[in-house]
Amino acid sequence: MRATLLPYAHQTIEADDIAAVSEALASDWITQGPAIERFEKALAARGGARHAVAFANGTAALHAACWAAGLGPSDEAITTPLTFAATANAVVYQGAWPVFADIDAATLNLDPDAVKRVATPRTRAVLPVDFGGLPCAYDRLLPLAREHGWTVIADAAHSFGGAYGRRPVGALADMTTLSFHPAKLITTGEGGAVLTDRDDLAERLRSMRHHGISYPDRARPWRYEIDAPGNNYRLTDFQAALGLSQLGKLERFWERRDHLARRYRERLAASPFVELPALPADRRHGWHLFLVLLRLDRLSVDRDTILQALRAENIGATLHYALVYRHPFYRERFKYGPGLCPVAESVEQRLVTLPLFPAMTEQDQDDVLRALDKVFAHYAR
């Protein structure tokens with residue numbers, strides 16, 4: 001279908017982004033300087049939170065949130081198996097036990113009823129993931145967490161720019177973690193952040209990204225203390241400058257993604273070979289990913305064969321994600337095995353991610369759709 005590969009994702013970097021980075025590099029500060037604070041203030045305002053704390057990447061943001069929540073070796077934290085492993089890894093970094101709850105078959109997000117089933121007296125936190133960009137059922141997860149005293153850490157790496165009702169992603173949990181990897185809605189190259197309304201958590205987050213350092217006497221900044229070891233998870237000023245420039249384009253980037261995603265849905269709605277995840281009317285999807293579920297009962301091959309065939313047409317379709325507890329580390333360390341989350345296991349076998357990014361043209365998208373038609377026609381039962 002194409003002479004060159006159409007990737008599943010690609011950053012959009014424009015002249016003003018480059019100029020912003022160049023200006024930061026020519027300034028007196030290239031790390032721990034004023035661009036960080038400007039970026040954080042803008043992030044907090046966009047996410048509807050009192051505080052934003054920037055980090056070196058999204059994984060660092062997740063780790064810092066688990067650290068700030070006080071997770072430790074005697075604790076459990078519940079999350080979804082259908083996520084990048086960084087979500088669960090952040091729990092493991094703290095010595096805590098990751099517990100996987102099944103997903104909702106319609107939205108592909110964490111199922112609150114499944115969370116109830118796996119919770120124990122050791123549960124300290126729940127980490128819902130806005131999979132693909134769709135905000136989770138926070139109207140059910142938050143009351144459940146409040147009832148039991150759990151901290152809610154929303155992994156919103158996919159959904160910044162989205163909303164639940166009138167509340168933006170960033171204002172839906174105790175802490176909301178973001179990623180600014182080039183595949184995401186905006187980028188700082190690598191980067192992340194945690195948004196929160198709580199002053200105490202914001203203070204802990206800032207300490208954690210800077211080795212766990214606190215300054216009890218602001219008049220003598222050379223005097224500092226470390227109550228608990230943190231990490232060097234700082235973002236640079238030139239990355240923050242890029243992020244601030246990109247943040248001003250978030251709505252434009254989202255609108256383009258939304259246009260392409262709705263065009264996919266219109267074209268694929270009648271396909272006998274795929275099903276589309278639910279799109280609840282009360283939520284604004286972030287559209288990091290466009291996902292389809294194969295109707296394997298109507299195809300003669302499995303998902304991997306379909307992906308290989310699409311790649312042969314230079315369509316960069318891929319899988320998000322192999323279930324976390326299927327990875328060797330989780331199988332061996334925590335003794336997780338097949339059957340743990342039946343809905344997620346069924347979904348994983350059928351999942352395909354199609355290309356979606358702001359610079360895609362409708363011609364690019366038509367190439368994807370034609371490739372799907374060709375592959376499905378070849379492998380139809």
Side-chain angles (χ1 to χ4, degrees), residues 1-12 82 104-109 130-135 158-159 161-163 183-185 251-321 346-381:
M1 282 297 161
R2 296 175 61 90
T4 59
L5 180 70
L6 178 69
Y8 90 88
H10 196 273
Q11 70 273 11
T12 300
L82 189 58
D104 178 89
T107 64
L108 311 185
N109 279 338
D130 297 342
F131 181 61
L134 180 70
H158 294 182
S159 61
K184 303 304 194 295
L185 270 76
E251 192 67 15
R252 169 160 62 91
F253 290 168
W254 178 85
E255 287 175 356
R256 182 61 182 170
R257 287 177 178 268
D258 184 59
H259 168 74
L260 292 169
R262 292 184 183 278
R263 192 168 184 265
Y264 266 140
R265 289 182 70 90
E266 289 169 5
R267 301 293 182 90
L268 293 171
S271 171
F273 301 107
V274 300
E275 295 175 357
L276 300 174
L279 186 58
D282 61 347
R283 300 177 217 181
R284 172 166 144 153
H285 203 298
W287 294 126
H288 166 51
L289 302 174
F290 189 86
L291 305 152
V292 298
L293 293 160
L294 299 176
R295 291 288 305 269
L296 293 176
D297 58 321
R298 300 185 179 185
L299 296 165
S300 61
V301 293
D302 62 10
R303 181 210 55 227
D304 284 358
T305 304
I306 297 297
L307 287 175
Q308 287 170 344
L310 290 170
R311 290 294 183 103
E313 300 295 338
N314 269 329
I315 303 300
T318 189
L319 168 65
H320 291 87
Y321 295 96
S346 175
V347 163
E348 181 206 14
Q349 296 173 19
R350 304 166 57 208
L351 266 177
V352 169
T353 300
L354 299 179
L356 179 67
F357 52 93
M360 265 182 68
T361 66
E362 291 187 0
Q363 177 63 55
D364 291 330
Q365 190 173 42
D366 288 342
D367 290 344
V368 177
L369 293 164
R370 282 195 295 269
L372 285 171
D373 287 342
K374 179 180 177 180
V375 170
F376 289 153
H378 185 74
Y379 290 116
R381 284 188 185 277

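All values below come from the heavy atoms of this structure, side chains included, with hydrogens, waters and symmetry mates left out. In this text, all values refer to a predicted model and were calculated from it rather than measured experimentally.
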Start with the C-alpha gap between L289 and L356, add the side-chain angles, then the distance that decides, and say whether side-chain contact (heavy atoms from CB on, under 4.5 Å) holds. CA-CA 6 Å; L289 302 174; L356 179 67; over 6 Å; no

side-chain contact (heavy atoms from CB on, under 4.5 Å) evaluation trace for M360 with H10: CA-CA 9 Å; M360 265 182 68; H10 196 273; over 6 Å; no

The test is side-chain contact (heavy atoms from CB on, under 4.5 Å); show your working for L354 and V352 and say whether it passes. CA-CA 6 Å; L354 299 179; V352 169; 3.9 Å; yes

For the pair L6 and M1, evaluate side-chain contact (heavy atoms from CB on, under 4.5 Å) and give the outcome as yes or no after the intermediate values. CA-CA 10 Å; L6 178 69; M1 282 297 161; over 6 Å; no

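Between D364 and R2 there is a salt bridge, with a side-chain nitrogen of the basic residue lying less than 4.0 Å from a carboxylate oxygen of the acidic one. Ion pairing between a basic and an acidic side chain is recognised when a charged N comes within 4.0 Å of a carboxylate O; R284 and D258 show no such pairing. R267 and D373 are not joined by a salt bridge, as no carboxylate oxygen comes within less than 4.0 angstrom of a charged side-chain nitrogen. The pair E313-R370 does not count as a salt bridge, with every side-chain nitrogen at least 4.0 angstrom from each carboxylate oxygen.
Two residues are said to be in side-chain contact when any heavy atoms from C-beta on lie closer than 4.5 Å; L108 and V347 meet this criterion. Two residues are said to be in side-chain contact when any heavy atoms from C-beta on lie closer than 4.5 Å; R252 and R256 fail this criterion. Contact annotation: the side chain of R311 approaches that of T318 to within less than 4.5 Å [non-hydrogen atoms, C-beta and beyond]. For the pair F290/R265, a side-chain contact is recorded, criterion being any heavy-atom separation below 4.5 Å from C-beta on.
Taking every heavy atom of both residues into account, T353 and L291 meet most closely at OG1-CD2, 3.3 Å. Considering all non-hydrogen atoms of both residues, L369 and Y264 come closest at CD2-CD2, 4.0 Å. A pairwise comparison of heavy atoms in R381 and L299 identifies NE-O, 2.9 Å as the closest pair. Contact between H285 and P135 at its shortest, heavy atoms only, is CA-CD, 4.5 Å. What you find for A278 and L134 is that their closest heavy atoms are O-CD2, 4.0 Å. Closest approach of T12 to P358, counting heavy atoms only: OG1-CB, 3.9 Å.
Here the side chain of N109 pairs a donor or acceptor atom with the backbone of F131 at under 3.5 angstrom. Proximity of a side-chain donor or acceptor of D130 to a complementary backbone N or O of G133 within less than 3.5 Å is not detected. In this structure, S300 contributes its side chain and Y379 its backbone to a donor-acceptor pair below 3.5 Å. Under a 3.5 Å cut-off, the side chain of R350 and the backbone N or O of E275 do not form any donor-acceptor pair.
One distance of note links CD1 of I315 with CG of L372; it measures 8.0 Å at 0.5 Å rounding. Taking CD1 from I306 and CG from L319, the interatomic distance works out to 13.5 Å, rounded to the nearest 0.5 Å. Between atom CH2 of residue W287 and atom CG of residue L260 there is a gap of 10.5 Å, rounded to the nearest 0.5 Å. Taking CG from L294 and CG from L351, the interatomic distance works out to 8.5 Å, rounded to the nearest 0.5 Å. One finds the CD atom of Q349 at 7.5 Å from the CG atom of L296 (value rounded to the nearest 0.5 Å). To the nearest 0.5 Å, atom OG of residue S271 and atom CG of residue L276 are 8.5 Å apart.
Taking the six-membered ring where tryptophan is involved, the planes of H288 and H320 are perpendicular, since the angle between them exceeds 60° and thus also 30°.
A donor-acceptor contact under 3.5 angstrom links the side chains of Q363 and D367, judged on distance only.
Residues passing the ring-ring contact (aromatic ring centres under 6.0 Å, His included) test with F253, sequence neighbours excluded: none.
Residue pairs meeting the ring-ring contact (aromatic ring centres under 6.0 Å, His included) criterion with at least one member in residues 349-376, sequence neighbours excluded, are F273-F376.
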